2 protein chains.
Amino acid sequence: MDSMIRQFYEIPGKVVALKAGEYLFHEGDNAKYFYFVRSGQIFITKFAESGRVLSLRLATRGSIIGELPLYEENPMYIFNAIAQSPSEVYAIEFPILHSYLEKKPSLAINLLKIIGMHMRKQHSKFRDLVLYGKKGAIYSTLIRFANSYGQEVDGGILITVPLTNQELANYSATARESLNRMLGELRRQNVIEMRDGLILIRDINFLKQEIQCENCGREICNIE
Amino acid sequence: MDSMIRQFYEIPGKVVALKAGEYLFHEGDNAKYFYFVRSGQIFITKFAESGRVLSLRLATRGSIIGELPLYEENPMYIFNAIAQSPSEVYAIEFPILHSYLEKKPSLAINLLKIIGMHMRKQHSKFRDLVLYGKKGAIYSTLIRFANSYGQEVDGGILITVPLTNQELANYSATARESLNRMLGELRRQNVIEMRDGLILIRDINFLKQEIQCENCGREICNIE
DNA sequence: GGGTGTAAGTGATAATAATCACACGGCTAA
DNA sequence: TTAGCCGTGTGATTATTATCACTTACACCC
């Protein structure tokens with residue numbers, strides 16, 4: 001993946017630094033820049049009029065952001081991007097990226113690969129949600145966080161990102177209370193455990209089994 | 001869109017003819033070819049172990065198929081492709097497409113545009129389902145079919161593809177009975193009407209309102 | 001014209017998930 | 001020290017959706 005990033009650095013652009021909680025862009029904003037993340041973590045979310053929030057990704061070093069409007073006639077961001085921790089992104093103007101993509105086929109192919117991967121992620125998330133309901137959405141979210149931000153420790157995989165129940169619920173399009181009950185149930189079954197505010201997954205295979213995981217690999221089954 | 005297709009024709013490949021009901025490929029098959037549709041309609045579906053079927057697209061002239069495994073190390077189709085009517089597709093071997101993409105940046109960029117559009121479609125479908133439940137899924141499916149296969153007639157928009165309740169249910173990840181009841185309700189509200197086996201949408205704005213349609217345009221809000 | 005098969009329609013019930021209401025604990029700022 | 005805030009946990013209730021078990025409608029075939 002790092003080789004893909006290096007290519008983007010050869011394109012003129014600027015570094016943008018974000019404080020925790022700061023917005024990189026809002027949905028509806030005019031889209032001028034394509035970004036990729038140098039450091040930190042960035043929430044990608046979408047608002048519903050009802051006040052609900054839908055969380056889609058937690059981008060990290062190497063993730064691309066704001067690529068969807070790249071070839072729109074009237075480009076607008078359709079999601080929000082908010083720094084979860086202090087972050088740095090590299091910003092490339094669309095027209096500049098366009099001209100580099102026209103000149104360097106290998107860059108276009110790399111972008112094709114990356115976007116193809118995003119497509120696969122999106123499809124597998126859709127599958128989990130649609131076929132296994134909220135349980136599918138929640139278990140799938142836990143597995144994806146484990147794959148992206150999990151750290152092997154004694155007793156299981158520790159998700160190193162602090163997440164409130166509400167945030168987790170946003171990722172699984174679930175009511176907080178429902179999520180809370182499901183986590184409680186998993187705790188009682190010794191599938192997960194809380195370790196000073198973080199989630200420790202003790203039995204990831206249980207989660208995978210329950211949603212008939214197709215073992216699509218960490219490249220796809222993640223939250224980045 | 002047609003200009004994009006023309007470019008693919010310059011790449012050596014073969015024409016494959018399919019009878020109605022015939023499979024172009026099954027999920028799990030080794031993926032060797034990238035396809036685009038010359039004529040006819042092709043269902044893109046996915047099976048769940050439980051026996052349920054999830055329908056994702058109904059591809060038509062100009063649609064690309066089987067693009068997802070293009071850059072996988074061990075390429076496999078993840079969906080089924082089944083001809084809904086007699087169809088012809090143009091098949092290009094992955095390695096050949098790879099070499100053309102490397103040589104012709106404009107081809108790679110066109111593919112980027114197409115896949116980017118697919119991504120947008122997928123996201124908007126996800127949104128509809130997740131934020132508005134089954135109603136969202138069903139209304140969204142109807143709107144998408146209207147955008148792809150609708151024909152303006154007196155009294156509304158006629159969806160020119162014959163679809164059983166079961167097939168419609170598969171597109172919205174709903175039980176047939178639930179779908180049936182919802183269609184009945186829409187009929188009672190004069191939002192839709194059956195016209196010799198086809199669905200006539202009399203009030204598409206009602207459907208759009210109910211799911212807080214963001215008017216993303218026919219390029220995105222379709223089922224192709 | 002009766003038999004068969006497939007799809008549509010519908011009632012009853014069960015399962016799933018959201019909503020409302022509130023208790024509790026921990027942290028922080030006055 | 002205490003009031004306020006935020007996040008968690010939970011019971012009770014309602015809303016949504018699936019499932020089961022049928023009936024009805026219609027086309028097709030012999």
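Sequence lines set the chain letters: A, B, ... in the order given, protein chains first and strands last, and positions in each chain run from 1. Treat the numbers as computed from the prediction; the structure is a model and nothing was measured.
Helix-axis bend for the helix from C:dG1-D:dC30 to C:dA30-D:dT1: the local axis fitted to the five terminal pairs at one end deviates from that at the other end by 20°, rounded to 10°.
Between A:Thr164 and the phosphate of D:dG7, there is no side-chain N or O to OP1/OP2 separation shorter than 4.0 Å. When the side-chain nitrogen and oxygen atoms of A:Lys135 are compared with OP1 and OP2 of C:dA17, none of them lie within a distance under 4.0 Å.
The distance from atom CG of A:Asn165 to atom P of D:dT10 is 11 Å, rounded to the nearest whole Å. Separating the CE atom of B:Met182 from the C1' atom of C:dT10 is a distance of 15 Å, rounded to the nearest angstrom. One can place CD of A:Glu177 at 12 Å from C1' of D:dG11, the figure rounded to the nearest angstrom. Atom CD in A:Gln166 sits roughly 11 Å away from atom P in C:dT19 (whole-Å rounding). In this structure, the CD atom of B:Glu167 is 11 Å from the C1' atom of C:dA7, given to the nearest Å. Atom CZ of B:Arg176 is separated from atom C1' of D:dT23 by 12 Å (rounded to the nearest Å). Separating the CG atom of B:Leu131 from the C1' atom of C:dA17 is a distance of 15 Å, rounded to the nearest angstrom. In this structure, B:Leu129 places its CG atom 12 Å from C1' of D:dT17, rounding to the nearest Å.
For A:Phe34 and A:Phe8, the distance between ring centers is under 6.0 angstrom. Under the 6.0 Å cut-off for aromatic ring centres, B:His123 and A:Phe79 qualify, their centroids lying closer than that.
Aromatic ring orientation, A:His26 versus A:Tyr23: parallel (interplanar angle below 30°, classes split at 30° and 60°). Between A:Phe145 and A:Tyr149, the ring-plane angle classifies as tilted under the 30° and 60° cut-offs.
In summary, B:Lys32 and B:Glu93 do not engage in a salt bridge, as defined by a charged side-chain N under 4.0 Å from a carboxylate O. Here B:Glu27 pairs with B:Lys46 in a salt bridge; the nearest charged N to carboxylate O distance falls below 4.0 Å. Checked for salt-bridge contact, A:Glu219 and A:Arg120 miss the test: no charged N lies under 4.0 Å from a carboxylate O. Between A:Arg202 and A:Asp154 there is no salt bridge, since no side-chain N of the basic residue sits under 4.0 Å from a carboxylate O of the acidic one.
Against DNA chain D, the stretch residues 185-211 of chain B makes no heavy-atom approach under 4.0 Å.
Projected onto DNA chain C by closest heavy-atom contact, A:Leu179 and B:Arg181 fall at different nucleotides, the more 5' of which corresponds to B:Arg181.
Of the candidates D:dG9, D:dT19, C:dA8, C:dA8 carries the atom nearest the B:Asn180 side chain, counting heavy atoms from C-beta on.
In this structure, A:Lys134 places its NZ atom where more than 12 heavy-atom neighbours from other residues, nucleotides or ligands lie under 6.0 Å away.
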